Each structure stands twice: as C-alpha cells, then as structure tokens.
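I have placed the structure first, in the form of structure tokens, so that the comments after it can refer back to it.
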There are 4 protein chains.
Amino acid sequence: MRTKQTSSKDQGTIGGRARRTQIERAAAEVLSEVGYAAASVGRIAERAGVSKGVITYHFASKDEILRRVALTLFEECAAHIASSVSDEASPAARLRAQLSAELEFFSSRRVEFRAMVEVMSNHRDPGFIRAFENVSTDEAETLAGLLRQGQTQGEFRAFDVNEVAHLIDAAKNGVLDRWASDEALDLGSMRATMLDFIEHAVRA
Amino acid sequence: MRTKQTSSKDQGTIGGRARRTQIERAAAEVLSEVGYAAASVGRIAERAGVSKGVITYHFASKDEILRRVALTLFEECAAHIASSVSDEASPAARLRAQLSAELEFFSSRRVEFRAMVEVMSNHRDPGFIRAFENVSTDEAETLAGLLRQGQTQGEFRAFDVNEVAHLIDAAKNGVLDRWASDEALDLGSMRATMLDFIEHAVRA
Amino acid sequence: MRTKQTSSKDQGTIGGRARRTQIERAAAEVLSEVGYAAASVGRIAERAGVSKGVITYHFASKDEILRRVALTLFEECAAHIASSVSDEASPAARLRAQLSAELEFFSSRRVEFRAMVEVMSNHRDPGFIRAFENVSTDEAETLAGLLRQGQTQGEFRAFDVNEVAHLIDAAKNGVLDRWASDEALDLGSMRATMLDFIEHAVRA
Amino acid sequence: MRTKQTSSKDQGTIGGRARRTQIERAAAEVLSEVGYAAASVGRIAERAGVSKGVITYHFASKDEILRRVALTLFEECAAHIASSVSDEASPAARLRAQLSAELEFFSSRRVEFRAMVEVMSNHRDPGFIRAFENVSTDEAETLAGLLRQGQTQGEFRAFDVNEVAHLIDAAKNGVLDRWASDEALDLGSMRATMLDFIEHAVRA
DNA sequence: GATGAATGAGCCTTCATTCAT
DNA sequence: GATGAATGAAGGCTCATTCAT
C-alpha cells in the first residue's frame with residue numbers, strides 16, 4: 001500500500017501486477033482482433049480466461065484498461081526512442097534515428113500497436129471529446145524542433161517546420177498503419193524507402 | 001428496382017431519395033460529432049428529426065446507412081478526381097492535380113469526411129473483418145501507376161513505386177486528418193507545403 | 001407532442017399514458033411488497049407483465065418512476081386536502097378537517113401509500129442526499145400556520161407552533177404507518193382517537 | 001460457544017469482540033451516511049479500515065451485522081430506560097420519565113440512531129417480510145400498560161389505551177426523526193414541548 | 001486472524017430490430 | 001410512408017460471498 005499510481009486496489013503485490021498485465025494483454029488482443037466498438041469487458045475476460053468480475057476487481061473501469069493499454073505502449077515507445085537518439089548526432093541523423101527507433105520499437109509489438117491505434121482513434125470522454133486528440137500534435141512538435149535545428153545548421157532546406165513535421169509524422173504513421181493491417185509487409189524495406197523519401201524531401 | 005446498390009424498398013421514388021439523403025446527412029453529422037461507437041440509430045433519428053422506425057423503413061439495417069455514408073462520399077470524391085485530372089498532362093502534373101483535387105473535394109465537406117473516416121476505420125463485418133480494409137490499397141495502386149509512368153518518362157527518380165505510393169497516400173491522409181480535427185487549419189497552405197514536400201521527395 | 005411535463009417521450013397519446021400508469025402501478029405494488037432496496041426494474045417489469053425494455057422506453061430512468069410514484073400520490077393528496085378544507089371554518093375545525101382528509105385520502109390507497117413511504121424515506125441522489133428530506137418540513141409549516149391562527153383567535157393555548165406542528169404531523173404519520181403495516185387496523189376509530197388526542201393537547 | 005446470539009466463530013475472545021465492535025461502528029456510520037440501500041460490505045470495510053474478508057470472518061453474513069447494529073442499540077436503550085424509570089413513581093411521572101430517558105439515551109448517539117432507523121425500516125428477510133415489524137408494537141404495548149395504570153389511578157382521562165399508546169410512540173419517534181435529520185435541532189426544548197403536549201392530551 | 005483474489009448473480013441502461021396501426 | 005411501442009440481447013458495473021494463503 002505504498003504508492004498510489006493507479007486508481008485500483010492492487011499495486012506492488014506480485015499477483016496483482018501479474019493479473020493486471022495479463023488483463024491488459026488480453027485487452028490488447030481483443031482490441032486488435034475485433035476493434036474498439038466490439039471490445040467488451042466480457043470478451044476481454046473470456047480471452048483472459050477469467051470471470052468478468054476479476055476485471056472490475058483489478059481495474060476501476062473499462063476506461064482505465066483501455067487507457068492503460070494505449071498509454072503503456074506509448075510511454076514505452078517514447079522511452080525507447082529517447083534512449084535511441086543521441087544528442088550529439090546531426091539533426092538529419094537524429095531524424096533518421098528517431099523514425100527508425102519508432103518503427104523498430106513497434107516491429108515486435110504488432111498486436112499492441114493495433115490495439116493502441118484502436119484506442120487512440122476511438123476513445124472519447126463522456127462528452128464525446130476524443131481523449132487522445134493531442135497526441136499526434138505533441139509528436140509533431142518534437143519533429144518540428146528537429147527540423148528547425150536542421151534548417152539552422154543548413155542541413156535542411158527552407159519550409160514550414162510545423163507543416164512538414166506533420167507530413168513526416170503522417171508518412172511514418174502510414175507505414176505503421178499499413179504494416180498493422182498487412183502482416184506480410186517487409187517493414188525493413190519500407191523503413192529504408194521512407195527514410196530515403198523524407199531525406200530527399202527535406203534536405204538542402 | 002433499377003440499381004442493386006441497396007437492399008431497401010425505395011429507390012427512384014423522389015420522396016424516398018430525399019429521405020435517404022436526409023438520413024445519411026444526419027448520420028454523417030452524428031458520426032462526426034460522437035464517433036463511430038456512439039453513433040446509434042436513435043441518435044441519428046433524433047438528429048434527422050424523424051422517428052427511429054423511419055430509418056428501418058428506408059434502410060435495411062444500420063450497416064447499410066454507415067456504408068452508404070462512407071461510399072457515397074468516396075465515390076463522389078473519385079468522380080471529382082477523375083474529372084480534374086487531365087490525361088494529357090505529365091505524370092508530375094497529374095500527381096499534383098490528383099492530390100489537389102482530393103483536398104479540394106473534401107475542403108467543403110468536413111463533416112462528411114470525418115464521418116467517412118469513422119466508418120472506414122471502424123466498420124467491420126459480423127466476423128470482425130474490417131469492411132474497408134482494401135480502400136487505401138486501391139488508392140495507392142492508382143498512385144503507383146502514376147509514379148511508374150513518371151519514372152519511365154524520367155520525371156521521377158528511382159524508388160519502389162508501391163512503397164512510395166503508400167508514403168504519398170499517407171502524407172495526404174495526414175493532411176486531411178489534421179484538418180479534420182483542427183478546423184482552424186489553413187488547408188491551402190498545407191496543400192502547397194505538401195505538394196512541395198512530395199515533389200522534392202520524388203523528382204529525378 | 002404538446003406539453004412537456006415529463007422527461008419521457010410519450011405524453012398525451014392514450015397508449016403511452018396508459019402504459020405509464022400501468023408501470024407506475026406495478027412499481028407501487030413491488031415497492032409495497034418487497035421494499036425499496038429490492039424494487040428492481042426487472043421485478044417491476046415482471047409485475048407489469050412487460051419486458052424490461054418497455055420500462056426504459058416509457059421512463060427516462062428508474063429514478064423517474066420512483067419519483068413519479070411518490071410525487072403523484074403526494075400531489076393528489078395535497079389537492080384532496082385543499083378541496084376538503086374550508087377557509088371559513090375555525091382553525092380548530094380546519095385542523096381536524098385537514099388531518100381527516102389526509103387519512104381519508106390514503107384509506108383507499110394502501111399499496112400506494114406504502115410505496116410512497118418506501119420512496120420518500122429511502123430515495124437519495126447520487127451524493128446520497130435524501131431526495132424528499134424537505135417534504136415533512138413543508139407539511140409541518142402548513143400545520144404551524146394553522147396553529148398560529150388558532151392561538152391568535154384564542155382556540156389554542158400557548159405553545160411553540162413549529163414544535164407542536166411536528167408533533168401533530170408525527171402523530172398523524174404514526175397512525176398511517178401503523179395502518180400501513182396492519183391491514184386489520186380500524187382506521188376510522190384510530191382517526192377519532194387521534195383527533196380527540198390532539199384536541200386535548202392543543203385547546204386553550 | 002457460550003451464547004447463541006451470533007452464528008460467527010468468535011465471541012468471548014477479547015480481540016474478536018473489539019473487531020466486531022469496530023465493524024459495527026463502521027456499519028452504523030455508513031448506514032447513517034449513505035442509507036440502507038447503499039450500505040455495502042465494501043463500504044463498511046473501507047470505513048472500518050479493514051479488508052472485506054475480515055467482515056466475513058467476524059460475521060456470518062451482512063444480515064448479521066445490520067441486525068446487530070440495530071439490536072445492540074435497541075437493547076441498550078431498553079436497559080437505559082428500565083434503569084431510569086422508578087416503579088414507585090406515579091404513571092404520569094413514569095410516562096414522562098420513560099419518554100425522557102429514551103430521548104436522553106439517543107441524544108448522544110445520533111449516528112447510531114440514524115443507522116438503527118435505516119435498518120429497522122428496511123431490513124427484510126429472504127421472503128421480503130420486514131424483520132423489525134413488531135418492534136413498535138412492543139414499545140406501544142409497554143406504553144399502553146402505563147396508560148392503563150394511569151387511568152385506573154385517575155391520573156389519565158378515558159381513551160383507548162392501545163391507540164393512544166401508538167400516538168404517543170409516534171410523537172416521540174417524530175421528535176427523534178426530526179432531530180436525526182436536523183443536527184441543529186434543540187432536542188431539550190423539543191422534549192419539553194412534547195411532554196407538555198402529551199400531558200395535556202392524556203390528563204384527566 | 002487477516003488478506004487479496006475471484007466468482008457469479010443481479011442491477012440499470014443502451015440499442016438494433018420488429019411490428020401493428 | 002411513418003410512427004410509437006415493444007422486445008431481448010448485450011454492455012458496464014456493484015456486490016455478497018467464498019477461498020487459498
């Protein structure tokens with residue numbers, strides 16, 4: 001009972017953590033398979049092999065599960081990217097590193113990625129406001145900063161950094177979306193093409 | 001019973017057409033405002049100012065309404081693009097024309113576009129298979145053809161046309177998505193930046 | 001669709017009104033028989049001989065049914081009392097008339113009275129505040145006004161009118177409560193004893 | 001296993017007694033605050049600062065807790081009254097003493113009183129029969145005995161002792177109920193008014 | 001003694017659909 | 001054509017109780 005990180009009852013206890021993880025995993029699978037609208041608590045419980053009540057016991061609400069599925073992956077991804085991008089490299093190199101790191105991170109987490117997309121594009125608060133609206137904006141701002149630095153240092157040509165940041169973000173998301181719906185896609189090849197495409201688009 | 005597009009009773013009759021259009025418009029508004037999961041028949045009826053029964057009378061099922069909302073707009077868009085792109089122009093010009101035409105088409109149909117996105121990314125058949133999975137593939141194939149022609153004629157540099165087609169498609173969709181969630185966005189400026197971005201990325 | 005007296009969809013239509021009444025009647029019976037805590041929508045539906053969905057169709061929520069069960073009876077009672085008490089009579093006569101009218105009103109509505117008591121003493125808002133807390137206060141204030149007049153005119157002796165109003169109200173409610181739980185009770189005899197008791201207690 | 005009052009495992013053990021008392025106290029607080037219908041075992045455990053399991057360990061069922069909350073207070077009250085009423089006094093004095101003792105007893109136990117009322121008026125057995133139906137009858141019978149004595153000795157006028165006993169009981173309960181829902185009420189003043197009211201009502 | 005975990009029944013509500021009028 | 005009415009399944013959630021540790 002030391003920390004209060006979640007609104008749920010169990011934290012720290014080995015059993016509780018494991019169950020939460022198991023349920024989150026089941027939720028990700030269900031989201032990935034049947035989509036946001038059909039991802040009911042009952043189906044998640046069934047997939048996890050537990051009774052519906054267990055889920056209410058470990059999570060305050062369905063909302064908490066879905067948010068956790070999305071945010072956990074999102075935060076892990078951000079951490080992975082941060083650890084992959086060296087401050088010393090040039091902006092162009094950092095841009096490549098950042099995009100590569102993101103693709104690499106998700107490449108072994110296809111189910112979770114699909115689940116995250118389902119939640120991020122569908123989850124709404126009681127007033128029907130999309131709960132993850134600002135996420136893509138935040139990502140684009142990071143990219144914009146990088147682009148600005150590259151322009152200052154002469155690596156990148158002149159363009160509106162915010163708008164181009166969104167284009168790059170969109171291209172990257174497009175790659176992931178396509179891979180998410182086509183398991184056979186060669187993500188490595190796609191990544192190389194994407195980096196090449198972007199480099200031609202922005203270099204001085 | 002001329003066309004086979006709907007499974008419903010009324011087509012051709014002037015009143016029936018109008019009612020269907022009215023309901024589809026209401027459905028688009030609801031989808032745009034509350035999202036796919038909360039777009040119930042009741043809410044659509046309420047928005048259209050008619051009783052729930054009317055909807056069942058004019059549409060065989062909720063599915064049909066949603067499909068129609070998406071497909072009607074999609075087909076209109078395709079027609080608009082086709083009429084905007086001259087066969088005589090160079091591949092680079094055709095690429096620009098095609099992308100511009102698509103942005104232009106949606107620019108006066110923000111609500112419908114948002115509705116279409118909700119349906120296309122969420123609608124599934126009873127087996128939970130996404131119903132519009134292949135749409136983006138089809139779009140990309142058209143683009144790929146253009147790119148191939150441009151490469152043959154020496155306008156575009158060497159790259160994998162299918163993969164780059166997906167990148168361009170993704171960039172364009174990214175522009176629309178951002179505009180869809182940010183009414184204040186200057187779509188004209190964004191389009192110019194996008195065309196410039198893509199031109200740098202693909203030109204020989 | 002002329003008046004908007006309720007939050008529900010149907011008013012005025014003969015069928016709708018009848019169903020609402022039927023459901024309210026069933027709710028009163030269930031409340032009377034199994035008590036507030038066990039009076040579920042399912043049981044009310046079962047008692048009314050309809051499906052659970054019918055109830056949601058005619059009432060916005062369970063709350064609305066319960067409030068209506070209580071308030072309908074309460075308002076009818078108030079109207080009955082108002083029509084029974086002559087302004088011309090002396091305060092003492094009006095006091096007697098008022099109390100008699102209330103007992104008389106409920107005497108043919110035992111089930112509804114029991115239901116009303118269940119709701120009034122148990123219904124709470126989401127913050128657990130009793131929803132009908134002020135009802136007894138309001139009743140007592142009317143009585144207090146009568147007592148004050150009686151004192152002014154010399155019919156009643158000196159006492160705190162508010163406190164005595166509550167005592168009279170409590171005595172009357174005690175009679176009704178006892179009758180509510182003992183069908184065999186002779187309400188006429190009890191009423192006479194009560195009026196005699198109160199008269200001795202307050203007369204000058 | 002000395003007494004037969006509970007169906008639980010622990011009685012007599014000092015720790016067990018304390019825990020039971022603690023839980024009963026928590027139950028009273030919860031009942032007082034959220035009412036009978038919302039007084040769940042979970043809330044009681046939370047209020048007591050223990051796990052839900054503890055409650056099941058010390059009490060055979062939720063029913064037992066609620067019954068105990070009501071009966072403990074009720075029995076303590078009866079004992080207090082018995083010790084306050086002298087057999088030697090006149091019936092009128094005994095009546096005053098008894099009513100005063102009851103008000104005095106509860107005056108320092110507002111939370112418990114409110115809890116008791118919640119249980120007594122709502123608790124039902126599995127067949128939905130009110131479990132404490134006969135309590136008020138019992139109380140009234142004691143009063144009736146007193147009244148009869150007073151009539152025999154000429155202190156009280158002629159009236160139906162059973163009916164008047166119920167009226168006096170109701171008046172007293174009305175005072176307590178009002179005080180229970182209005183913390184600011186001056187119980188001392190109210191008691192004086194009540195005794196005066198009753199005395200005028202019954203004296204010869 | 002005590003706890004966390006789990007269960008399954010039951011609750012209120014939403015909803016797509018059907019149907020008589 | 002159109003409507004109000006009704007249905008029954010499903011959804012998220014609460015809860016009393018049971019049980020292994």
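Only a predicted model underlies this, so the values are computations on that prediction, with no experimental measurement involved. Below, read A as the first sequence line, B as the second, and so on, with proteins coming before strands; counting in each chain starts at 1.
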Sidechain-backbone polar pair: C:S32 side chain, C:A28 backbone, donor-acceptor under 3.5 Å
no
Whole-Å distance, B:I44 CD1 to E:dC15 C1', equals 12 Å
Kindly say if B:R43 contacts the phosphate of E:dT14, meaning a side-chain N or O under 4.0 Å from OP1 or OP2.
no
Which whole-number value in Å describes the distance from C:E46 CD to E:dC12 C1'?
16 Å
Ranking C:A38 and A:G49 by the position along DNA chain E of their nearest nucleotide, the one closer to 5' is A:G49
Could you state the NZ-C1' distance from B:K62 to E:dT14, rounded to the nearest angstrom?
11 Å
Taking the six-membered ring of A:F59, is NZ or CZ of A:R20 closer than 6.0 Å to its centre and within 45° of its axis?
yes
Please tell me which of the listed nucleotides, F:dT3, E:dT17, E:dC15, lies nearest to the side chain of B:T56?
E:dT17
As a test of reading the structure: which of F:dG1, E:dA16, E:dC12 is closest to the side chain of C:K52, going by heavy atoms?
E:dC12
D:H58 side-chain N/O to E:dA2 phosphate OP1/OP2 under 4.0 Å:
yes
Measure up the D:F132 and D:H123 rings against each other and bin them: parallel (under 30°), tilted (30 to 60°), perpendicular (over 60°).
tilted
Which one is paired to E:dT18, where only Watson-Crick or G-U wobble pairs with both distances under 3.5 angstrom count?
F:dA5
Rounded to the nearest 0.5 Å, what separation is found between the CE atom of A:M116 and the CG atom of A:L31?
12.0 Å
So, is D:Y57 close to the E:dG1 phosphate, meaning a side-chain N or O under 4.0 Å from OP1 or OP2?
no
Gap between atoms CG and C1', on D:D63 and F:dC15 respectively (whole Å)
14 Å
For B:R20 and F:dG1, give me the distance from atom CZ to atom C1', rounded to whole Å.
14 Å
Distance check needed: E:dG1 C1' versus D:R19 CZ, whole Å only.
9 Å
For A:V41, which contact category applies under a 4.0 Å heavy-atom criterion: base, sugar-phosphate, or nothing?
sugar-phosphate
Would you mind reading off the distance between D:E64 atom CD and F:dT17 atom C1', rounded to a whole angstrom?
14 Å
Side chain of B:S51: nearest nucleotide among F:dG4, F:dC13, F:dA16?
F:dG4
Select from A:S61 and B:V50 the residue whose nearest nucleotide in DNA chain F is closer to the 5' end of that strand.
B:V50
Okay, side chain of B:Q22, backbone of B:A48: is any donor-acceptor separation there less than 3.5 Å?
yes
OP1 or OP2 of E:dC11 under 4.0 Å from side-chain N/O of C:S40
yes
Mind calculating the distance between CD1 (A:I55) and P (E:dA5) to the nearest angstrom?
15 Å
